[in-house]
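Note that the coordinates shown come from a computational prediction; the quantities given were computed from them, not determined experimentally.
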Amino acid sequence: MAANLTAGKVEAGQKLEPLAYDVTATTVILGALASRDWRPMHHDRDFAINRNGVRDIFMNTPNLAAWFERYVTDWTGPRGRLGRMKFRMKDSIFPGEQMVFNGTVEKLEKDDVGCTWANLNVEVAVGDRLCTSCAVRVALPADENDNPWERKGDRWRP
Amino acid sequence: MSLPSEVQSWIGQTRYEEETEFPVERGYVWTTCSSVENGNPLFWDDDVAAELTAGPIAPPTMISVWFRPHLWAPGRTKQVQPLQVHFDLKETLDLPEAVMTDNEIIFYDPVRPGDRLKTRQILHSVSEPKTTKLGTGRFWVIEVQYVNQKDQLVAKEMYTGFGYKRGA
């Protein structure tokens, strides 16, 4: 995990370090159960194939959200505070595949109450197959003394 | 094809106001962090959590975890589904399969161990019938709001689902 990233070290167009991870059946099932998702397509291969018409069990969305969070906060450090995430699921991720996360800073902006936001485009792909994209809005500390987690009420506008 | 009046009546209506079945707890936080190898010290180091967030919090993206019901509970005769509006739509529109295509989460006050969250679901829209590579069905948008025991908004979620019948 990075040390605390401050807004001054970020600019539009900046790339986040890629993260590659080999997905196994354990990855899928552990992720589903950690997120209390008991639906059989995330642990029962026969169900996934015969009912859902896909080739295997596949990663569930809530756990993918946790992967996206990890990817973003690995970059920001613990002072980075998520404001908003919008996922677009295009394809599934199956055991035996390597998923790779990539991210780009689309924009850096300061809102009316002085909070600095990085808008990111983050994607997870398997080979050249884009599986999920995620537009992320994350608050960054303006400097080493700033802490976005201290923002409440009207001072927090995600 | 027009929407059944029952479904039409759900649009804009607040439904399924429920309290989560158990308080937010750190065991699930650590299991989730472990499942994605998230080493953020906010969730593992109490000193960091005390300094930055005035005590432990849960990862924001875990918000939907806290309202997924147990698969079984004493006295329960029917399996309860999370996001019940989604399953109501599948059943009422006779669309046996469904996937989520979009999900947006907006985070407000942090969720903390011990919190008892409440949720409510609002159906925003249902599309005309559409055909995709999965089959023919309809898209719908559902909002889920989450508040804590102090009625502070902790998150909002928007789901876009596609319920469908598989192609022949």
Under 4.5 Å to a heavy atom of chain B? For A:W156 that would be side chain
Under 4.5 Å between side-chain heavy atoms, hopping through other hydrophobics if needed: is there a path connecting A:L82 to A:V10? yes
Open item on the list: When you compare the side chain of A:L5 with that of A:W75, does any pair of heavy atoms fall below 4.5 Å?
Closed with: yes
Turns out that what part of A:S35 lies under 4.5 Å from chain B's heavy atoms comes down to both
Query raised in the report: Should the pair A:F68 and A:F101 be assigned to parallel (<30°), tilted (30 to 60°) or perpendicular (>60°) ring geometry?
Result: perpendicular
Q) Cation over ring, B:R15 on B:W10, under 6.0 Å and within 45°? A) yes
Tightest non-hydrogen contact, residues B:A98 and B:K90, listed as CB-CD, 3.6 Å
* Flag the pair B:T61 / B:F107 as yes when at least one side-chain heavy-atom distance between them is below 4.5 Å, and no otherwise. => yes
Whatever's closer than 4.5 Å to a heavy atom in chain A on B:Y108 counts as both
Notebook entry, point to check: Among side-chain atoms of B:T101 and B:T160, is any donor-acceptor pair under 3.5 angstrom?
Noted result: no
Applying a strict 4.5 Å limit to non-hydrogen atoms, the region of B:T31 in contact with chain A is both
Turns out that what part of A:R137 lies under 4.5 Å from chain B's heavy atoms comes down to neither
When the 4.5 angstrom heavy-atom criterion is applied to B:I57 and chain A, the contacting part is side chain
Assert top hit (heavy-atom pairs under 4.5 Å, partner chain A, pool B:E104, B:K156, B:E157) equals B:E104
Whatever's closer than 4.5 Å to a heavy atom in chain A on B:Q152 counts as neither
Among B:T53, B:L42, B:I105, the residue with the most heavy-atom pairs under 4.5 Å to chain A is B:I105
The interface call for A:Y21 against chain B, heavy-atom contacts under 4.5 Å, is side chain
One option among A:R81, A:K152, A:R157 has the most heavy-atom pairs under 4.5 Å with chain B, and it is A:R81
Fill in: Within 6.0 Å of CD in B:E91, more than 12 heavy atoms from elsewhere
no
Turns out that what part of B:E51 lies under 4.5 Å from chain A's heavy atoms comes down to both
